[in-house]
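None of these values were measured; they are calculated from a predicted model.
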Amino acid sequence: MPSPSAFRRAAACLALLALFPCACSQRDHKAALSRFPIGIYAVDDPRHLARLSEAGFDSFQTYRQSPALLASLAKEARRLAMRMVSAPDELENGKASLARDWPIDAWYLCGEPDVAKLPRAALQAMSDRTRAWDPDRPQTFDIGEGAPAKVYGGVGDILLMDWYPVPHLPLDSVADQVDLAMRGLPKGKPLWMIIQAYDWADEVIDPKKRKGLRFPSHAEIRFMSYLSVLHGARGLFYFALPKLGKTLFDYPELWQAVAGTAREMKAMQPIFERGRRIAPPFSGEASGLETGAWRYRGRDYVVILNRKFSAKLTVPDELLRGDWRPLFESRRDPKELLERAGAQWRLGPSRVLVLEGSLRLRDMI
């Protein structure tokens, strides 16, 4: 799905065709290929990074290309142990040394070549020129839906994908698009999902066409985040920090919807990044529930979610024993977060439940 300002962003792709190769340091390692970033799009002020870091973000993307501004962003990012995704094109012609020590997760080749109908060969040419300029650090770009991964998926090292369904498409269509993208990628290539933190009405001029458009709720942002991870996303970015000439900081309710999710993802980051994926701890999934399970440092973690828009789904009895405790909730007993239906306990529509269990305690029961 083409994202806001798609054609303006896609035009940047064409401009990057003028990139010329140059020398670059190879000191950076490809840590981005194995880590699980939690990032946000369109950051353009170093003063914003401290607040973003406090909210759980450890990476950011910027469209700005001024070498001086990028250097300022990089300096503050390094101080805060954050990483950045940035376009490389204005660092040519003797400015390459500026970026030698920048905390770059990946060079940003362009935005949505599928929207711009950019030939794959042109995108590959950008990648080749950037590789000659910096052979060491990874490259990325974003696409507007999953299917174009079949065309562009072999270019670069990491694929970013955006899909913004609120409010006009089913919330769980995020999973379908991640599945499409994953099928189009070479085996092992990371997909970083861009989660909607944006109101489509922000770029709609006609007031009549704004009717019904809105910013996603915290529950929706959280649901899309976990759903993306369950379907294979190995990093999450949120689009975007700017809003109507200001930033989300100026809209406290919206900012909390995004920041609350980012803090939760930060807490889960070691599990998603270094945990071992395991089978769910119950025999057979309940109909309709989607489940992911990880083992990390002697504990098991389970994420269950209900993709059904109008159905309440039964949670397996194995997850309702006393050796499982909910995370990020105000109740310790999982049953207190569910709805009872006779002898069964059910998870409501578009709900997520994250559980932690001790291996030692469960083995004794």
Side-chain angles (χ1 to χ4, degrees), residues 3-25 28 32 37 39-49 52 57 59-80 82-116 118 122-144 152 155-160 162 192 194 203 237-243 245 247:
S3 65
S5 300
F7 291 97
R8 173 175 54 81
R9 292 164 54 189
C13 283
L14 302 176
L16 280 168
L17 287 171
L19 183 64
F20 295 100
C22 60
C24 182
S25 166
D28 293 318
I40 192 164
Y41 254 63
V43 175
D44 60 11
D45 190 334
R47 294 172 297 180
H48 292 158
L49 295 185
L52 291 171
F57 293 102
S59 189
F60 63 92
Q61 184 271 1
T62 181
Y63 291 112
R64 300 294 291 273
Q65 298 186 25
S66 160
L69 177 58
L70 292 178
S72 296
L73 286 166
K75 180 179 180 180
E76 181 67 356
R78 190 166 53 246
R79 185 183 75 83
L80 295 167
M82 297 181 73
R83 309 287 295 177
M84 60 192 289
V85 174
S86 170
D89 51 319
E90 290 195 18
L91 296 170
E92 58 184 42
N93 299 328
K95 298 176 183 175
S97 60
L98 286 174
R100 184 174 301 163
D101 297 318
W102 290 4
I104 296 291
D105 250 350
W107 291 118
Y108 185 69
L109 296 178
C110 73
E112 298 185 333
D114 50 321
V115 175
L118 189 75
L123 184 63
Q124 185 63 58
M126 296 179 193
S127 174
D128 293 343
R129 291 178 177 123
T130 302
R131 194 76 72 193
W133 177 77
D134 184 347
D136 187 51
R137 285 181 280 201
Q139 305 171 2
T140 189
F141 59 95
D142 52 53
I143 56 176
Y152 302 104
V155 180
D157 305 286
I158 300 159
L159 179 68
L160 283 154
D162 52 52
W192 292 350
I194 307 170
E203 293 193 18
F237 276 70
Y238 296 81
F239 186 91
L241 184 61
K243 181 173 173 61
T247 70

For this session: May I ask you to check whether Q139 and T130 show a side-chain donor-acceptor distance below 3.5 Å?
Result: no
Exercise. Does one side chain, of Y41 or D142, offer a donor that lies under 3.5 Å from an acceptor on the other?
Worked result: yes
Might you point out which heavy atoms bring [X] and [Y] nearest each other, and give the distance in Å?
{"X": "M82", "Y": "S59", "answer": "CE-N, 4.1 Å"}
{"X": "L109", "Y": "M126", "answer": "O-SD, 4.0 Å"}
{"X": "P103", "Y": "A74", "answer": "CD-O, 3.7 Å"}
{"X": "D44", "Y": "L73", "answer": "C-CD2, 4.4 Å"}
{"X": "P88", "Y": "Y108", "answer": "CD-O, 3.6 Å"}
{"X": "A42", "Y": "L241", "answer": "O-CB, 4.4 Å"}

Hey, could you give me the [atom1]/[atom2] distance between [X] and [Y], rounded to the nearest 0.5 Å?
{"X": "L98", "Y": "E90", "atom1": "CG", "atom2": "CD", "result": "12.0 Å"}
{"X": "I194", "Y": "Q61", "atom1": "CD1", "atom2": "CD", "result": "8.0 Å"}
{"X": "D105", "Y": "I158", "atom1": "CG", "atom2": "CD1", "result": "6.5 Å"}
{"X": "L91", "Y": "D134", "atom1": "CG", "atom2": "CG", "result": "10.0 Å"}
{"X": "I104", "Y": "L70", "atom1": "CD1", "atom2": "CG", "result": "7.5 Å"}
{"X": "R64", "Y": "S86", "atom1": "CZ", "atom2": "OG", "result": "11.0 Å"}

For the backbone of [Y] and the side chain of [X], can you confirm whether one donor and one acceptor N or O come within less than 3.5 Å of each other?
{"X": "E112", "Y": "I143", "answer": "no"}
{"X": "R137", "Y": "A106", "answer": "no"}
{"X": "Y152", "Y": "P113", "answer": "yes"}
{"X": "R78", "Y": "D101", "answer": "yes"}
{"X": "S72", "Y": "P46", "answer": "no"}

For this session: Would you please classify the geometry between the W107 ring and the W102 ring as parallel, tilted or perpendicular, with 30° and 60° separating the classes?
Result: tilted
For this session: Would you please test W192 and L159 for side chain to side chain contact (heavy atoms under 4.5 Å, CB included) and show each step?
Result: CA-CA 6 Å; W192 292 350; L159 179 68; over 6 Å; no
Problem set entry | F239 and D162, any side-chain heavy atoms less than 4.5 Å apart | no
For this session: Answer yes or no: is there an ion pair linking R129 with D89, defined by an N-O contact shorter than 4.0 Å?
Result: no
